[in-house]
Student: 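Would you mind keeping the following structure in view while I ask a few things?
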Amino acid sequence: MKTELNYINFLYQTHSKKEVTISLSYQLFGQDLFSAPIILINHALTGNSNVAGEKGWWKQLVGENQIIDTNTYTVLCFNIIGNGYDDFLIDEYEDFTCEDIANIFLKGLTILNIKSLYALIGGSLGGGIAWEMIAKNPTLTKVFIPIACDFKTHDWLHAQCLVQKFLLNQNDEPLQKARIHAMLCYRTPDSLNVRFQNRYNEEKQCLESEDWLVYHGNALHQRYHLEAYKLMNHLLMNINTDEKMIKKIEAQIHLISVDSDLFFPAYEIRMCYEMLKRERRDVFYHEIKSIHGHDAFLMEYKQLNTIIKNIL
Ligand SMILES: CC(=O)SCCNC(=O)CCNC(=O)[C@H](O)C(C)(C)COP(=O)(O)OP(=O)(O)OC[C@H]1O[C@@H](n2cnc3c(N)ncnc32)[C@H](O)[C@@H]1OP(=O)(O)O
Ligand SMILES: N[C@@H](CCO)C(=O)O
């Protein structure tokens, strides 16, 4: 399996009219390019191009003999520029929109000479970027699987990202505090209450739920850059795919929601399904049942794997 980082360099003008030199990094897994069907996976908020293998963030889904089987497919994953995984960070993060990232990924595909994909899959923010990509190129892929995301950011998600922005722009442990707030949006009251049952950690003199939140704040602080988190939050806050264009998408579309997702509520994704269904036949809706909320797409692998196995 190939896991080294590769780079594509080009000039790009952002929607805000800034000329930037882009060094788009990516990883390939599985079969050699052009020898097998290509699946592009767009990573989620704090993910990266390392989707499979020992440290792969989606190794429960992608890899040898996994549902997205690298014995069968070429799996390609770009890093959202500025995510820091390739040591590249962006200070002026508000120069970029989700549409820019979609343009940059599409340009990357063109430079790699990839004219079409077998499947385009994205989770959360990665799914939002995938929506923007496919709206710009409706014939890009045969199968489109956006997971726990929608083609636009709705008000409640925008509001939570605004709180994230406030936390990220203050000086007292900005990344840790923002992550703690975000964890509450990725989960649900039931997820925490059922799991922790008000248990108290005598040694640490706090509730176990508090210790868990603090752990996740510190864990992200150790593995992630503040600048990258500001950018990802800004992108999540501004998914805004042109609704007229999504009706032109030619792919078979499989929308996957989580019934308890607070970020991208299942009813919003069902509304998108119903809108698309009025125009066409090959659109399908799947729902993960979980008490865990948005992060269920990183936890409920039995369900996710069954859904994706039946699609591919
Ligand atoms: C696309 C992407 O999301 S990128 C990468 C995947 N995402 C992340 O890593 C984001 C951060 N991680 C998470 O949100 C979660 O770990 C998930 C969604 C991957 C899994 O959630 P859960 O099943 O609830 O796992 P949980 O948060 O309890 O534990 C994860 C790890 O933290 C550790 N941990 C959790 N709470 C504590 C604590 N209070 N003290 C010490 N360690 C802790 C666990 O031991 C576990 O370690 P392990 O991975 O070495 O086994
Ligand atoms: N919890 C995941 C998904 C958020 O959408 C992450 O940190 O990337």
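Both ligands and their constituent atoms are indexed starting at 1 by order of listing. Predicted model, so just to flag it, every value in this text is computed and none were measured.
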Student: Scan residues 118-133 for pairs that pass side-chain hydrogen bond (donor to acceptor under 3.5 Å, both in side chains), counting only residues two or more places apart or in two chains.
Tutor: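 Only S124-H294 qualify under side-chain hydrogen bond (donor to acceptor under 3.5 Å, both in side chains).
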
Student: List every atom of ligand 2 that sits less than 4.0 Å from any heavy atom of T46, numbering the atoms from 1 in the order shown and giving each element.
Tutor: 6 (C), 7 (O), 8 (O)

Student: To the nearest 0.5 Å, what is the distance between CG on D295 and CD on E300?
Tutor: 10.5 Å

Student: Taking atom types as modelled, is there a side-chain donor on S209 or R195 under 3.5 Å from an acceptor on the other?
Tutor: no

Student: I'd like to know if the side chain of T97 and the backbone of E99 have a donor-acceptor N/O pair within less than 3.5 Å.
Tutor: yes

Student: For atom 5 (O) of ligand 2, what is the nearest protein heavy atom, given as residue, atom name and distance?
Tutor: S124 OG, 2.7 Å

Student: Numbering the atoms of ligand 2 from 1, which are under 4.0 Å from a heavy atom of R179?
Tutor: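 Answer for ligand 2: 7 (O).
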
Student: In terms of side-chain heavy atoms, does H158 have a donor or acceptor partner in Q160 at a distance below 3.5 Å?
Tutor: no

Student: Side chain of S116, backbone of L140: donor and acceptor closer than 3.5 Å?
Tutor: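 Absent.
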
Student: Which protein residues have a heavy atom under 4.0 Å from ligand 1?
Tutor: A44, T46, G47, W57, R179, M183, R187, R195, D211, W212, Y215, H216, R223, D295, L298, M299

Student: Between N240 and N238, is there a side-chain donor-acceptor contact under 3.5 Å, judged purely by atom types and distance?
Tutor: no

Student: For ligand 2, which atoms sit closer than 4.0 Å to a heavy atom of L298?
Tutor: 1 (N), 2 (C), 3 (C)

Student: Which ligand 2 atoms are under 4.0 Å away from a heavy-atom of D295?
Tutor: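 Once the distances to D295 are compared, the set is 1 (N), 2 (C), 3 (C).
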
Student: Applying a strict 4.0 Å limit to heavy atoms, is M299 in contact with ligand 2?
Tutor: no

Student: Going by side-chain hydrogen bond (donor to acceptor under 3.5 Å, both in side chains), D95 matches just one of K18, K17, H15. Which one?
Tutor: K18

Student: Does one side chain, of Y85 or S25, offer a donor that lies under 3.5 Å from an acceptor on the other?
Tutor: no

